[in-house]
There are 2 protein chains.
Amino acid sequence: MNDDPKQLGCDGEVSQAARLAAKLTALSHPARIEILQYLAGNGCCCCKDVVGRFDLAQSTVSQHLKILVDAGLVRFSPEKQRSRYEIDREALAGLSVSVSTLIDSCCAVP
Amino acid sequence: MNDDPKQLGCDGEVSQAARLAAKLTALSHPARIEILQYLAGNGCCCCKDVVGRFDLAQSTVSQHLKILVDAGLVRFSPEKQRSRYEIDREALAGLSVSVSTLIDSCCAVP
DNA sequence: ATCGTTCATCGTCGTTAGACGATGAACGCT
DNA sequence: AGCGTTCATCGTCTAACGACGATGAACGAT
């Protein structure tokens, strides 16, 4: 385990960390955490609902929602007029497992 | 639960999301995830060890380590010459709980 | 005393994030 | 047809990130 020339695996390990980091990036903003909680508490929301809830411009909220959608944490249905945003519970559960796994592996004493 | 004027709690909830977001920001970079794993696997390391492991400049590694330390995920002992960096397992465990709590609360059906 | 190591910090540079207003498309309603 | 709503997108601006090289301090070793 010490004879690696330089960094960390050819692709598998790197992209795994990168994938997790991408999802964590989506979660690493207070507004997005609270938007997620709001979505969770309200099942299904349109952008306007969220806008009315936070002190942010509509474009900003739309951006944050897009980031959450792109990260795969929120599902998006381009409804006719008011698009619907909904928590992706499976994805969130998966992320929870990933984080736990990472942290557990870091906390385990070798 | 719908009569809040605008955003989200006066301070408690907001700063809780902000605090979590701050820690997640530290975790939201592939290099830092891998540095964390490396520290976990090696108990206690100096900066040079990490530098030799990753394909990053010493100053960059030092920066990443500082971010992890500032987030409270890594403990730092300014040893004489080679400073020691060590995983803070308690903090990591606490973060794991925070993330799980957040996600569980988001996955719970109201 | 001098040299090599280690490391934090500074300054720089290019890129991205975060916030906003403005705009225009799509739609419901009258 | 015309109006109001909703929303994604664009452009802009500032601030922060990520990476680097250079520098200097602190220390061990010779």
Side-chain angles (χ1 to χ4, degrees), chain A residues 6-8 14-15 17-36 38-39 42 44-71 73-86, chain B residues 6-8 14-15 17-36 38-39 42 44-71 73-86:
Chain A
K6 266 284 179 183
Q7 79 269 47
L8 356 69
V14 170
S15 61
R19 267 192 300 268
L20 179 53
K23 288 186 190 290
L24 291 181
T25 298
L27 257 193
S28 69
H29 192 285
R32 288 195 291 267
I33 290 180
E34 293 168 19
I35 288 175
L36 215 61
Y38 178 71
L39 290 183
N42 289 61
C44 212
C45 306
C46 65
C47 181
K48 186 69 192 314
D49 293 337
V50 185
V51 171
R53 206 65 170 178
F54 299 88
D55 222 2
L56 293 171
Q58 179 263 325
S59 54
T60 306
V61 170
S62 191
Q63 247 184 182
H64 281 311
L65 285 170
K66 183 174 170 52
I67 290 173
L68 288 170
V69 170
D70 287 347
L73 304 182
V74 165
R75 249 180 282 118
F76 169 65
S77 313
E79 210 75 10
K80 347 212 161 198
Q81 192 155 6
R82 38 187 78 190
S83 306
R84 298 153 63 85
Y85 292 92
E86 195 174 359
Chain B
K6 267 286 180 183
Q7 78 273 50
L8 358 66
V14 170
S15 61
R19 268 193 299 271
L20 179 54
K23 289 186 190 290
L24 290 181
T25 297
L27 258 193
S28 69
H29 193 286
R32 289 196 290 269
I33 290 180
E34 292 168 20
I35 289 175
L36 214 61
Y38 177 71
L39 290 182
N42 290 61
C44 213
C45 308
C46 64
C47 182
K48 186 69 192 318
D49 292 337
V50 185
V51 171
R53 207 64 171 178
F54 299 87
D55 222 3
L56 293 172
Q58 178 263 326
S59 54
T60 304
V61 170
S62 191
Q63 248 184 182
H64 281 310
L65 285 169
K66 183 175 171 51
I67 289 173
L68 289 170
V69 170
D70 288 346
L73 303 181
V74 165
R75 249 180 282 119
F76 169 66
S77 311
E79 211 74 9
K80 348 212 163 198
Q81 195 154 2
R82 40 187 77 189
S83 307
R84 298 153 61 84
Y85 292 91
E86 195 175 359

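By convention in this document, chain letters (A, B, ...) are assigned in the order of the sequence lines, proteins followed by strands, and residues within each chain are numbered from 1.
Note: CZ (B/Arg84) to P (C/dT6) measures 16 Å, nearest angstrom. The nearest whole Å value for the distance from the NE2 atom in A/His64 to the P atom in D/dC7 is 16 Å. In this structure, A/Arg53 atom CZ and D/dT6 atom P are separated by 16 Å, rounded to whole Å. Atoms CG (B/Asp70) and P (C/dT9) sit 9 Å apart, rounded to a whole Å. In this entry the distance linking CZ of B/Phe54 with P of D/dC20 reads 13 Å, nearest Å. In this structure, A/Asp49 places its CG atom 13 Å from C1' of D/dT5, rounding to the nearest Å. The nearest whole Å value for the distance from the CG atom in A/Leu65 to the P atom in D/dC7 is 9 Å.
Ring orientation note: the planes of A/His64 and A/His29 are tilted relative to one another, at an angle of 30° to 60°. A perpendicular orientation is assigned to the rings of A/Phe54 and A/Tyr38, their planes being inclined by more than 60° (bins at 30° and 60°).
Closest to the A/Cys46 side chain, of the nucleotides D/dC7, D/dC20, C/dG18, is D/dC7.
Residues A/Leu36 and A/Leu27 meet the side-chain proximity criterion, which asks for heavy atoms closer than 4.5 Å.
In this structure, B/His29 does not reach the C/dT16 phosphate: none of its side-chain N or O atoms is under 4.0 Å from OP1 or OP2. Residue A/Ser83 has no polar side-chain atom (N or O) positioned under 4.0 Å from OP1 or OP2 of D/dC7.
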Inset, instruction - Report, as a single string ordered 5' to 3', how protein heavy atoms within less than 4.0 Å touch nucleotides 22-30 of chain C: B base, S sugar-phosphate only, - not at all. - result: B----BS--
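Residue A/Arg32 is classed as a sugar-phosphate contact, given heavy-atom separations below 4.0 Å to backbone atoms only.
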